[in-house]
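Remember, it's 1-based here, ligands and their atoms both numbered in the order they're listed. The figures that follow rest on heavy atoms only: side chains count, while hydrogens, waters and symmetry mates do not.
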Amino acid sequence: MTSAPSPPPPFSAPYAPDDRLIAARLFESSRLDAGQEQRINDTATRLIEAIRANDDPLGGVEDMLREFALSTKEGLALMVLAEALLRVPDARTADRFIEDRLGQGDFVHHETRSSAFLVNASAWALGMSARVIQPGETPRGTIGRLAKRLGLPAVRAATRQAMRLMGSHFVLGGTIEAALERAESDRAPAPRYSFDMLGEGARTAEDAVRYFNSYASAIEAIGRNAGHRPLPDRPGISVKLSALHPRYEAVSHQRVMSELVPRLIDLARQAKAHDLNFTVDAEEVDRLELSLDVIAAALRDASLAGWDGFGLAIQGYQKRAAAVIDYADGLARALNRRLMVRLVKGAYWDTEIKRAQERGLDDYPVFSRKTMTDLNYVACTRKLLALRPLIFPQFATHNALTVATILELTENSGGFEFQRLHGMGEALYAQLGRDRPELSCRTYAPVGSHRDLLAYLVRRLLENGANSSFVALAADQTVPVATLLRRPAEIVGTPDRARHPNIPLPRDLYRPQRTNSRGIEFGERAALGELLAAVAADHAKTDHARTDRVVDIDPEAAGRMVVAAQAGFYDWNRTPAGQRAAILEKAADLLEQRRAHFIALLQSEGSKTLDDALSELREAADFCRYYAAEGRKLFGDGEAMPGPTGESNVLRLRGRGVFVAISPWNFPLAIFLGQVTAALMAGNAVVAKPAEQTPRIAAEAIRLLHEAGIPVSALHLAQGDGRIGAALTAHPDIAGVVFTGSTEVARSINRALAAKDGPIVPLIAETGGINAMIVDATALPEQVADDVITSAFRSAGQRCSALRLLFVQDDVADRMIEMITGAARELKIGNVSDVAVHVGPVIDAEAKQRLDAHIARMKRSAKLHFAGIAPAGNYVAPHIFELASADQLTEEVFGPILHVVRYRADAIETVLRSIAHSGYGLTFGIHSRIDDTVDGVIDRLQVGNIYVNRNMIGAVVGVQPFGGYGLSGTGPKAGGPHYLARFATEQTVTINTAAAGGNAALLSGDEG
Ligand SMILES: Cc1cc2nc3c(=O)[nH]c(=O)nc-3n(C[C@H](O)[C@H](O)[C@H](O)COP(=O)(O)OP(=O)(O)OC[C@H]3O[C@@H](n4cnc5c(N)ncnc54)[C@H](O)[C@@H]3O)c2cc1C
């Protein structure tokens, strides 16, 4: 007797391998003989012709996209309207939104070419609305005129109707009962359905419960109606793991395994009881490993033994797709159970590319050329077919060429099915049904209200509107069928063309200027494990808690450092800019080589979470490389100025002398190095005074710069508290001060500088802010919750850019506050050595005391919405207070405390006035889909960094140059093109080139 194989080890495969290697392999395996190729052409042509001849009176998405392609202004306006309109509760905002969007396209002169009802109805509604809002009228003020015409309710109703129509096209029913009823009336011979309860990405525990309940009751309802046929000919349900847990992320692995797995088992058991097909949808790439752990753990549960309905979706655009199939096969074998595997291409491609760029990954985890995805999809098809019957393949595609290729590979054998989305691919599968009635096709049928429809709808519109998409091309009659039949391998040509030519690798994003800093994806277990091990090894090697190696100096010693730096200045200033830049680039490389060491330091001395520490390290490296690149440009040979003949005029920049750099504890590496490297690049000698809370990071950073080649005489470290800073800034021989910290200290430095006789020296100050965010009724609550939580509570709110004051339109305030509060409740507070922690301690006991006092004050004067629970130590848990008025917050509160103020839709002016009134102007955020509102606010506010529809922290060097106005600082912006020049002085050299013997160049000039 053979024993049951043990479960396979956790999934592991290279996260983002080189496309070229994969291409070579795929080319090899994609070959078919001439007969097969011809049959594929014949089948695909027939299907494409059926799609193009489709005269469905209702019209499909294909017709819709034909009318309003996403590459047109009208198409984009439609998509944005569809995404947000139905969630706007108040008429005023809805009207402004409609006016804003319809004003962006020419709907009035849009002539419908299609006879399809869906298209005509939408075009009619939109055209009718746009006729009321005449193009050419300025958006502001139009509302007033419209109100007089009494047309407004009609406009609103018509536009909403058009949006509903679009939504309902993709949704089978508002409730599972309605959907089941509609499914019953399906005229196809043996329709199979997989119902999808709309909604994903729970942000709160309540949402996760709501989604769980909706899956559970749907399974019951589907089960009751499931009939008596055996699997696979039974209906099913698709679930999204992100809907079932509010922190479905790699770093919360342990929690997800203990909380989500039992929920999944519960649902699966229910599905098993009705013998349904139960499929776990595929979501973002960084969640793949986690999802496979969850699936494997659930599947192993004894209660699911003997059931063949469990399934998972696999994305062909992932470079790891083949490895996931192997893993699924291993699971099926180990458990001796059939698995259903849906093969899709993948629905999050644009998000994946952006994420990899933002995180500075070595390569992309998804292909960058669509044809590579197609090629991989076919390779995965072969693999799946070969694994039958233990694997039951489900091919989900609307691409006729892909369908035809699959058919050829199946060689008329059974044991698989096709899948399509409700509202799409109708003509294609109807034709296939006629030609090959023995084939099965399952319809993936979304069910839910408009509230949950939006994210789904936008993904469908984006997917189908993209001009690389098969559906969009098939809808365009001008594209010849032969073009649609071109094989992926033929289009790619050779492996070295496997990458998209216009999508640079994340590391090359800023080329030719500089290299992007390297990051890692925490969703890649191997990379995260490696980093954690390296950080742990560093902790073991170095006692980061030791402070005895840090020696504070006295004010006299600080004075001597200025004198010594002055001596070092002469040589350093004469060092060619290219050489200075090369040293900074070497420093960036060293930082990356010693990543684990600096992360360990940032964690032990600065109490940074792993994510924060890694981001800070990357920012420090970016500063070095950015200033090196800018410095090469600015401090080279100088700029020749125009002038009369016989004379040369050159303007050049050079160092000023000794710069004092005073930096804060909240970015002890990045801001510290940013200031120092900018001053050095400009040719100055530097005396750096770090925050007294973070001396060891500063000492290591200075050691690294010296090692990279900065002469010891040009760079000095002055450890100590505020007295050292005061002694340095009061010194008569300094040539400039760069400071980041509180407005109060910046003022005292300014006074100290002004009190001195002698040269007037510049002060570059970056100080704090009472940073605000405005959220109107068009904003998406889930996105707002993510961005508010990140902006207010990441780094325990100890960022100068952090959100302090949130203004929410009162029509949506309850729901927004509820979601933000629910999301805050899910944050883990604790020691940053635990990778799952989101909020670490504040910097010291003094800071905690100040924040606690503020919380106590707020508890007396404001409404408390949320108070997290902090462990013992220097922890301050996130708090959310609602203020009656913004005036109640009079100073920057540097910690995880969010203040919320409601505003009326017609009172946004008051909000803007109160933001301006604070006198600060550092960061500001706005969540709104109304461009006119966004433009108006940007225009009005004197704020350094404005973020629209995203979080408002984490400015990237050279991308979002950082710094503010008014009480928030003097400018120029750190990490921006105007920064280095402020550290420099200018010199013009005029040479009379005719002085010795006359103007020879002029006299010998050619007459042309
Ligand atoms: C029944 C069903 C269930 C689904 N379930 C899921 C699911 O669980 N998870 C999920 O993610 N998606 C899911 N999808 C959506 C699916 O990923 C898309 O519908 C599918 O990618 C469209 O592929 P196609 O073959 O129909 O169209 P095609 O037009 O041939 O392919 C479009 C696809 O190519 C890929 N692509 C586009 N541009 C590029 C590029 N430059 N480089 C690389 N690749 C590119 C993208 O994946 C894009 O969606 C499902 C679809 C169906 C029909």
In plain terms, say whether [X] and [Y] are close enough for a salt bridge, that is, a side-chain N and a carboxylate O under 4.0 Å apart.
X      : Y      : result
Arg525 : Asp293 : yes
Arg46  : Asp42  : no
Glu283 : Lys240 : no
Asp19  : Lys319 : yes
Asp329 : Lys383 : no
Glu284 : Arg287 : yes
Arg39  : Glu408 : yes

request  = Decide if atom CZ of Arg210 counts as having more than 12 heavy atoms of other residues, nucleotides or ligands within a radius under 6.0 Å.
outcome  = yes
key: More than 12 heavy atoms of other groups within 6.0 Å of Gln36 CD   = yes
Give the numbers and elements of all ligand 1 atoms closer than 4.0 Å to a heavy atom of [X].
X      : value
Asp281 : 8 (O)
Tyr348 : 11 (O)
Ala347 : 10 (C), 11 (O), 12 (N), 17 (O)
Ser469 : 29 (O)
Ala396 : 1 (C), 2 (C), 52 (C), 53 (C)

Which protein non-hydrogen atom lies closest to [atom], naming both residue and atom, and how far is it?
atom                    : result
atom 23 (O) of ligand 1 : Lys345 CD, 3.7 Å
atom 48 (C) of ligand 1 : Gly346 O, 3.7 Å
atom 25 (O) of ligand 1 : Thr397 OG1, 2.6 Å
atom 9 (N) of ligand 1  : Ala282 O, 2.8 Å
atom 3 (C) of ligand 1  : Arg342 CD, 3.5 Å
atom 34 (O) of ligand 1 : Lys370 CD, 3.5 Å
atom 19 (O) of ligand 1 : Glu463 OE2, 2.6 Å
atom 14 (N) of ligand 1 : Val344 CG1, 3.8 Å

Side chain or backbone, does [X] bring an N or O within less than 3.5 Å of an N or O on ligand 1?
X      : value
Arg369 : yes
Trp349 : yes
Val471 : no
Phe470 : yes
Leu421 : no
Asn399 : yes
Thr373 : yes

Just let me know how [X] lines up against ligand 1, side chain, backbone, both or neither, with a heavy-atom cut-off below 4.0 Å.
X      : answer
Ser368 : backbone
Tyr377 : neither
Ala313 : side chain

task = Mark yes or no for whether Arg247, through its side chain, and Ser252, through its backbone, hold a donor-acceptor pair below 3.5 Å.
result = no
message = Tell me whether Gln315 reaches ligand 1 (any heavy atom closer than 4.0 angstrom to a ligand atom).
response = yes
Ligand 1 contacted by Val366 (non-hydrogen, < 4.0 Å) = no
query = Is the Tyr317 to Phe367 ring centre distance short of 6.0 Å?
reply = no
ask   = Under 30°, 30 to 60°, or over 60°: which ring-plane class applies to Phe416 and Phe418, parallel, tilted or perpendicular?
value = perpendicular
Show the nearest heavy-atom pair for residues [X] and [Y], with the distance to one decimal.
X      : Y      : result
Tyr444 : Ser238 : CE1-OG, 3.3 Å
Leu264 : Ile295 : CD2-CA, 4.5 Å
Asp275 : Arg234 : O-NE, 2.8 Å

request  = With atom 1 (C) of ligand 1 as the reference point, say which of Phe367, Tyr444, Phe418 has the nearest heavy atom.
outcome  = Tyr444
